[in-house]
Amino acid sequence: MKDHQTDFQPVHRQFFSQPTLSLAKALLGTVLVKVDPEGITAGYIVETEAYMGPDDQAAHSYQNRRTKRTEIMYHQYGFAYIYRMHTHCLFNVVSGGEDSPEAVLVRALEPFEGLAIMQTRRGSQKGVDLTNGPGKLTKALNITMADYGHLLTKSPLFIATGYHPTRVSIGKRIGIENSGEAVDYPWRFWITDNPYVSRHQKTESIEEQERP
DNA sequence: ACATCGATGTGCT
DNA sequence: GCACATCGATGTG
């Protein structure tokens, strides 16, 4: 992990061009940064899930369902796909080329900068509860529907380079029980043993990551 | 570990 | 009109 600093370096746009399952893993250890009048909040991405498009029963783009909500998924990789569920906004990175509507859901962060701001936004919650869930992290970073469609290489919302985790765990995705066969696909990735992961679920496998 | 309830837009009919 | 959702907070055991 790097030292505490504020000179976040946005990833190059081409970072998002890799296949979606690779991207979901590659996002682990990068930093999600949000800039607001209140200040900067940022955290290491420690948990992601891949949503694989028209053939993935759990994806919003299943069977090419192209609506106002999913429209951005049909654009080029690198944009923010944000949608509302109940009272929460969930943040995804659009993956795949045009007309390849895939995305990576960011499910948990390890806070890195702006802890005090996150705490006020999260009310009474503290510790791991600040950002250990997809709805929690958007509230902590003030990511809202206003950020829908934003290109993630520049302020006020971007992905910055971070560190390369040594071990990544792989398992089933969360909260998609009503998705037929897709419930069992091992498309959830998290940094092994990171305390900010949203749910401690049985690990399907652990991969040692290569040094780049 | 499990249960329940909140609360709101979206997409379909 | 209406079912339902990539969830969270709080409660109990």
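Keep in mind that what you see is a predicted model, and the values were worked out from it rather than measured. So you know, we letter chains A, B, ... as the sequences are listed, proteins then strands, and number each from 1.
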- Message: Dot-bracket, 5' to 3', for DNA chain B please: Watson-Crick or G-U pairs under 3.5 Å, [ ] where pairs cross earlier ones, | where the partner sits on another strand, dots elsewhere.
- Response: ||||||.|||||.

- Query: Is Lys136(A) touching bases, backbone alone, or none of the nucleic acid, heavy atoms closer than 4.0 Å?
  - Reply: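 Sugar-phosphate, backbone atoms only, no base.
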
- Hey, could you give me each pair passing side-chain hydrogen bond (donor to acceptor under 3.5 Å, both in side chains) that has a residue in residues 134-152 of chain A? Not counting sequence neighbours.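 Passing the test, one end in residues 134-152 of chain A: Asp36(A)-Asn142(A), Asp129(A)-Lys136(A), Asn132(A)-Lys136(A).
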
- Message: At less than 4.0 Å, is any side-chain N or O atom of Arg199(A) found next to OP1 or OP2 of dC7(C)? Yes or no.
- Response: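 Looking at the OP1 and OP2 atoms of dC7(C), neither is under 4.0 Å from any side-chain N or O of Arg199(A).
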
- Task: Please state whether the phosphate of dA5(C), meaning OP1 or OP2, lies under 4.0 angstrom from any side-chain nitrogen or oxygen of Asn178(A).
- Result: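 Asn178(A) to dA5(C) OP1/OP2: side-chain N or O found under 4.0 Å.
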
- Query: With centres under 5.5 Å and planes under 30°, do His86(A) and dC7(C) count as stacked?
  - Reply: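 Stacking between His86(A) and dC7(C): present.
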
- Task: Measure from the ring centre of Tyr51(A) to the centre of the six-membered ring in the base of dT6(C), then say whether that distance is under 5.5 Å and the planes meet at under 30°.
- Result: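 Given the distance and angle limits, yes, they stack.
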
- Message: What residues from residues 63-79 of chain A pass a heavy-atom cutoff of under 4.0 Å to DNA chain C?
- Response: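 Contacts with DNA chain C under 4.0 Å: none.
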
- Task: Could you pull out all residues at least two apart from Lys172(A) that satisfy salt bridge (Lys or Arg N to Asp or Glu O under 4.0 Å)?
- Result: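 In terms of salt bridge (Lys or Arg N to Asp or Glu O under 4.0 Å), with neighbours along the sequence ignored, Lys172(A) is linked to Asp184(A).
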
- Using atom NZ of Lys172(A) as one end and atom C1' of dT6(C) as the other, report the distance to the nearest whole Å.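 To the nearest whole Å, that distance equals 17 Å.
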
- Task: Report the residues that fulfil side chain to side chain contact (heavy atoms under 4.5 Å, CB included) with Thr67(A), sequence neighbours left out, ordered by chain and then residue number.
- Result: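 Once residues adjacent in sequence are excluded, the partners of Thr67(A) under the side chain to side chain contact (heavy atoms under 4.5 Å, CB included) criterion are Arg65(A), Arg69(A), Thr70(A).
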
Pull out every protein N or O sitting under 3.5 Å from an N or O of nucleotides 10-13 of chain C, one pair per line with the distance.
unit_1	atom_1	unit_2	atom_2	d
dT10(C)	OP2	Gln125(A)	NE2	3.4

